Amino acid sequence: MTKNITVRYFAGFREHAGIDKETIAVEASTAADVYKKLQHRHGSAEPLGHCKVAINDQMADWDAAVSDGDTVLLFPPVAGG
Amino acid sequence: MTKNITVRYFAGFREHAGIDKETIAVEASTAADVYKKLQHRHGSAEPLGHCKVAINDQMADWDAAVSDGDTVLLFPPVAGG
Amino acid sequence: MRITADRINPDELRNELVDAAAGAYVGFEGWIRNHNEGEQVLRLEYEVYEPLALAEGAKVIAEAVEKFPLLHAECVHRSGALDIGECAVWVGVTSAHRDEAFAACRFIIDQVKVRLPIWKKEHYVDGHSGWVNCERCAEHGHTHPEAVSS
Amino acid sequence: MRITADRINPDELRNELVDAAAGAYVGFEGWIRNHNEGEQVLRLEYEVYEPLALAEGAKVIAEAVEKFPLLHAECVHRSGALDIGECAVWVGVTSAHRDEAFAACRFIIDQVKVRLPIWKKEHYVDGHSGWVNCERCAEHGHTHPEAVSS
């Protein structure tokens, strides 16, 4: 099922995509599906397990379901401190 | 053999002895011997293993030899910090 | 948990944790080193996604308070551009005894480094720059933009 | 290693350890608690035998520097009368990474507490006072002068 998903890119993902946000119509059940559809935009060399995702400003698992209208935040490997 | 030993008391030992220093003539081979001879002055309830000793301003073991003219420092259990 | 674009003042922050019941204070500060993985670092930028960095940081501190018998715990992380020697992150913990202060301070900084949406871009002496990988992924080296092409 | 009768200023001491190669700073402070083993503490006195406290403290710091890859390490201990909340001992350590800063800071305070000729006399709310036993001997309770008669 095609859903309208707003995707936000951070850090290296944003630099790679060249934009920080876009709304796409995508066939996706989970956050991981969204990530995979957008691999060319955010550096596919980065394994999913190193990245994090949030849905509507809540940290989420990659297998969390996405709904039409959701905002998915794609976080490359973090490095605080 | 009788030796002239200057003994210095610290903290609880000093309070118990009522003096901080005295020179005594004592039959003693080791620092432990000196401690035992003076038990009535510094609270014999305190096991040797909880206390420390220095000879002439060097930390020493209880079985270190004492010589005539040495200064023996008797340290009750320490509690820094 | 706080995020700030201003200089961190550890002394001021420490004073906020003062408590007559506290016997131990442990403070950790992460400073900007002049080198990383063999490269000379000139300066550094932190990108922070504040809403979730604050929420996740608060969760980390709450977990520390639950795990250890603490009096107070706080963490402050910088955002934006930092120079060599500046404090990037501060963690302070007070408790009755030192065991739990050390353990909790360590727990908080470890979790903050791997869980908060914060990214570090290093600018090197030779002119190039790169996003620094998280500690868990460190064996893979830097994630230079050039290196992650699709 | 330093012994001082004046207030400890952790911020000033921390600044002495600043180093562009340092990525981690860990500071420990021992504060005077208002209670100990169920008793309300009013104030406290430290008796320090300075010549050997300085020598033994320097030895502890040298051991830490040998055990861990540190940049700087320092320890300052108070002597004399202290009020509740005052800092009795400060330990600061800097290193490239945090592992060794935490480990060395912990090592130093642990050793300082059991090896340096320093004694602590607590004055309690009810008027009596007592010398506090070392940590290793803590299971035996306080060494009140009354309790150690010959």
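Quick note on labels: first sequence line is chain A, next is B, and so on, each numbered from 1. What you see is a predicted model, and the numbers here were worked out from it, not measured in a lab.
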Atom of [X], atom of [Y] and distance for their closest heavy-atom approach:
{"X": "C:Ala88", "Y": "A:Gly81", "value": "CB-C, 4.4 Å"}
{"X": "C:Trp119", "Y": "A:Ala11", "value": "CG-CB, 3.4 Å"}
{"X": "A:Asp57", "Y": "C:Pro51", "value": "OD2-CB, 4.0 Å"}

Quick check for you: to the nearest 0.5 Å, what is the distance between [X] atom [atom1] and [Y] atom [atom2]?
{"X": "A:Arg14", "Y": "C:Trp131", "atom1": "CZ", "atom2": "CH2", "answer": "5.5 Å"}
{"X": "A:Lys52", "Y": "C:Leu52", "atom1": "NZ", "atom2": "CG", "answer": "11.5 Å"}
{"X": "C:Glu56", "Y": "A:Gln58", "atom1": "CD", "atom2": "CD", "answer": "10.0 Å"}

Check your understanding: Is it the side chain or the backbone of C:Glu45 that comes within 4.5 Å of chain A heavy atoms, both, or neither?
Key -> neither
Exercise for review: Let me see the working for A:Val78 and C:Arg115 under side chain to side chain contact (heavy atoms under 4.5 Å, CB included), right down to the final yes or no.
Suggested key: CA-CA 7 Å; A:Val78 302; C:Arg115 282 170 55 182; over 6 Å; no
**Study point:** Check: C:Pro117 and A:Phe10 side chains under 4.5 Å, non-hydrogen atoms
**Key:** no
